[in-house]
Amino acid sequence: MTLGAGALTAMPAAAETLKASHQWPGGKGDVRDEMVQIIATEVGKADVGLDIKVYPGQSLYKAKEQWGAMTKGQLDISAFPLSYAAGRHPEFDATLMPGLVKNHDHAKRLNTSPFMDDIKKIINDAGVVVLADAWLAGGFASKKNCILEPASIEGQVTRAAGKAFEQMLVGAGASIASMPSSEVYNGMQTGVLDAANTSSGSFVSYRLYEQVKCLTAPGDNALWFMYEPILMSKKSFDKLTKEQQDALMAAGKVAEDYFFDAAKGLDDKLVEVYKDAGVEVVTMSAEQAEAWRAIANETSYKSFSENVKGGDVLIKKALAVE
């Protein structure tokens, strides 16, 4: 049986498939994976001729390769820690700067600040679009002792997420072993690492509670916050219809709202999981956090201000957000 021309023209056009990549475990409850899955689901429900296929666990691109792939239009979407692209845009290190973000509500206020206006202009000018803002809290964990005041990390080989944290930790007397969060478990297991700082999500999804003695949870005085937005290639975005673009931005808003609540819950889950595993859990006092900021001021903030064009202005804009 053959179909007539009328039947052929009546057939719906195949949906365009966008590729979304990230470095975290897929389908295991990691909040960053969940954000991408929410965007995929919401765009599907919008019925605008778009499908999103998610590639978790670095199965499509290695973590730090994703930025370049997006700017070239080779990768459509990524849940991406922005500081990973600081080699190309050193200003991005400001989004993983010790003590600039104190807690989740502070992070939300930062999203609409002049500081983030400057960061997002650099993102856009590089050929990337922000679909959803996301700040993850994090903390410290050690196989040796609880990390509270700066002296407590002295002499420990530590994995720090980002150059600014490395500078501050070296200022406090730690040694640094650089590696992605996905390699921290093996680093601790093999004795390469004594301690690490990373996000609440990574502390849980990478099961680091099996290796550490004490966790310093974010609490009200977190030192560690990292901007990990959902990003999209501008080349990919600009090829879409207005209806498809609107559906993606609306999906991003749903994911962002989910994330804000989930990120707070993630900190609670972090504490619960580590306590259940028999790990001692502590939080920093305001005075302890301030002692770390004093070291950051002489190391991370100073280096960023001196070596990054406009860095001093970015730091001042971030610190101005109450």
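Side chains included, hydrogens not; waters and symmetry mates left out as well; all remaining heavy atoms used.
- By the 4.5 Å heavy-atom criterion applied to side chains, Phe203 and Val279 are not counted as neighbours.
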Residues Asp118, Glu91; criterion side chain to side chain contact (heavy atoms under 4.5 Å, CB included); working and verdict: CA-CA 9 Å; Asp118 289 354; Glu91 299 93 340; over 6 Å; no

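- A donor-acceptor distance shorter than 3.5 angstrom exists from the side chain of Thr41 to the backbone of Gln37, with no hydrogens or angles considered.
- Heavy-atom contacts from other residues, nucleotides or ligands closer than 6.0 Å to CG of Asp220 number 12 or fewer.
- Using modelled atom types, one finds no donor on one side chain facing an acceptor on the other under 3.5 Å when comparing Asn186 with Thr190.
- Put simply, Ile77 and Tyr258 are part of the same group of oily side chains (I, L, V, M, F, W, Y) that touch within less than 4.5 Å, one to the next.
- We find that Lys264 and Asp105 are joined by a salt bridge, their nearest charged nitrogen and carboxylate oxygen being less than 4.0 Å apart.
- Linking ILVMFWY side-chain heavy atoms closer than 4.5 Å, directly or via other members, places Met188 and Ile147 in two distinct hydrophobic clusters.
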Could you walk me through whether Lys121 and Asp117 pass salt bridge (Lys or Arg N to Asp or Glu O under 4.0 Å), step by step? CA-CA 6 Å; Lys121 183 179 188 306; Asp117 288 344; over 6 Å; no

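- Atom CG of Leu169 and atom CZ of Phe140 lie 5.5 Å apart (nearest 0.5 Å).
- Contact annotation: the side chain of Val54 approaches that of Asp33 to within less than 4.5 Å [non-hydrogen atoms, C-beta and beyond].
- Salt bridge absent: Lys253 and Glu256 never bring a charged side-chain N and a carboxylate O closer than 4.0 Å.
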Show the numbers, then the answer: is there a side chain to side chain contact (heavy atoms under 4.5 Å, CB included) between Glu166 and Ser178? CA-CA 9 Å; Glu166 291 180 351; Ser178 298; 2.8 Å; yes

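- When all heavy atoms of Ser200 and Asp267 are compared, the pair lying nearest together is OG-OD1, 2.7 Å.
- Salt-bridge check for Glu272 with Lys269: failed, with every basic side-chain N at 4.0 Å or more from each acidic carboxylate O.
- Atom CZ of Arg109 is surrounded by more than 12 heavy atoms from other residues, nucleotides or ligands within 6.0 Å.
- Using a 4.5 Å cut-off on side-chain heavy atoms (C-beta onward), Phe165 and Thr158 make no contact.
- Taking all atoms of both residues into account, the shortest heavy-atom contact from Met226 to Leu96 is CB-CD1, 3.7 Å.
- Considering CG of Asn124 and CD1 of Ile122, their distance stands at 11.0 Å, rounded to 0.5 Å.
- Heavy atoms from other residues, nucleotides or ligands lying under 6.0 Å from NZ of Lys143 number more than 12.
- Looking at Leu75 and Trp67, their side chains never come closer than 4.5 Å, going by heavy atoms from C-beta outward.
- Separating the OG1 atom in Thr112 from the CE atom in Met116 is a distance of 10.0 Å, to the nearest 0.5 Å.
- To the nearest 0.5 Å, atoms CG (Asn307) and NZ (Lys309) are separated by 14.5 Å.
- In this structure a side-chain-to-backbone donor-acceptor pair under 3.5 Å is missing from Tyr301 to Arg293.
- Nearest approach of Ser285 to Asn221, heavy atoms of both residues: C-ND2, 3.8 Å.
- Formation of a donor-acceptor pair under 3.5 Å by the Gln244 side chain with backbone atoms of Val48 is found in this model.
- Although no hydrogens or angles enter the test, the distance criterion places no donor-acceptor pair under 3.5 Å between the side chain of Gln211 and the main chain of Tyr185.
- Taking CE of Met284 as the start and CD of Glu149 as the end, the distance is 8.5 Å to the nearest 0.5 Å.
- Side-chain atoms of Arg159 do not come within 3.5 Å of backbone N or O of Val184 as any donor-acceptor pair.
- Trp292 places a side-chain N or O within 3.5 Å of a backbone atom of Leu148 that can act as its donor or acceptor partner.
- In this structure, Trp24 is not a member of the same hydrophobic cluster as Leu131, with clusters built from ILVMFWY side-chain heavy atoms closer than 4.5 Å.
- Put simply, the side chain of Gln156 never gets that close to the backbone of Ile153: no donor and acceptor are under 3.5 Å apart.
- In terms of hydrophobic clustering, with Ile, Leu, Val, Met, Phe, Trp and Tyr side chains grouped at heavy-atom distances under 4.5 Å, Tyr227 and Val308 are assigned to a common cluster.
- The number of heavy atoms from other shown groups lying within 6.0 Å of NZ (Lys120) is above 12.
- When hydrophobic clusters are built by joining Ile, Leu, Val, Met, Phe, Trp and Tyr residues whose side-chain heavy atoms come closer than 4.5 Å, directly or via intermediates, Val281 is not grouped with Trp224.
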Ser21 and Glu65: side chain to side chain contact (heavy atoms under 4.5 Å, CB included), yes or no, with the steps? CA-CA 10 Å; Ser21 166; Glu65 295 173 355; over 6 Å; no

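- The shortest non-hydrogen separation linking Gly68 to Arg88 is CA-NH2, 3.8 Å.
- The shortest heavy-atom contact between Val101 and Leu110 is CG2-CD2, 3.7 Å.
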Decide salt bridge (Lys or Arg N to Asp or Glu O under 4.0 Å) for Asp30 and Arg32; before the verdict, give the C-alpha distance in whole Å, the side-chain angles of both, and the deciding distance to 0.1 Å. CA-CA 6 Å; Asp30 188 287; Arg32 294 153 295 194; 2.8 Å; yes

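- Ring geometry for Phe225 versus His104: interplanar angle over 60°, hence perpendicular rather than tilted (30 to 60°).
- With rounding to the nearest 0.5 Å, the separation of NZ in Lys108 from OG in Ser113 is 14.5 Å.
- Minimum heavy-atom separation, Lys144 to Asp194: CE-OD1, 3.5 Å.
- Under a 3.5 Å cut-off, the side chain of Glu42 and the backbone N or O of Ile39 do not form any donor-acceptor pair.
- Between Asn197 and Thr216 the shortest side-chain heavy-atom distance does not fall below 4.5 Å.
- Proximity of a side-chain donor or acceptor of Asp76 to a complementary backbone N or O of Lys19 within less than 3.5 Å is detected.
- By the 4.5 Å heavy-atom criterion applied to side chains, Gln167 and Lys163 are counted as neighbours.
- Contact check for Ile176 versus Val170: side-chain heavy atoms found under the 4.5 Å cut-off.
- Under the 30°/60° scheme for interplanar angles, the aromatic rings of Phe92 and His89 are found to be tilted.
- Inter-residue side-chain proximity for Leu248 and Val129 is flagged as unmet; no heavy-atom pair is nearer than 4.5 Å.
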Given the rule in the side chain to side chain contact (heavy atoms under 4.5 Å, CB included) test, do Tyr209 and Leu215 qualify, once you have shown the distances and angles that lead to the verdict? CA-CA 8 Å; Tyr209 50 83; Leu215 168 76; over 6 Å; no

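- In this structure, Ser300 contributes its side chain and Ala164 its backbone to a donor-acceptor pair below 3.5 Å.
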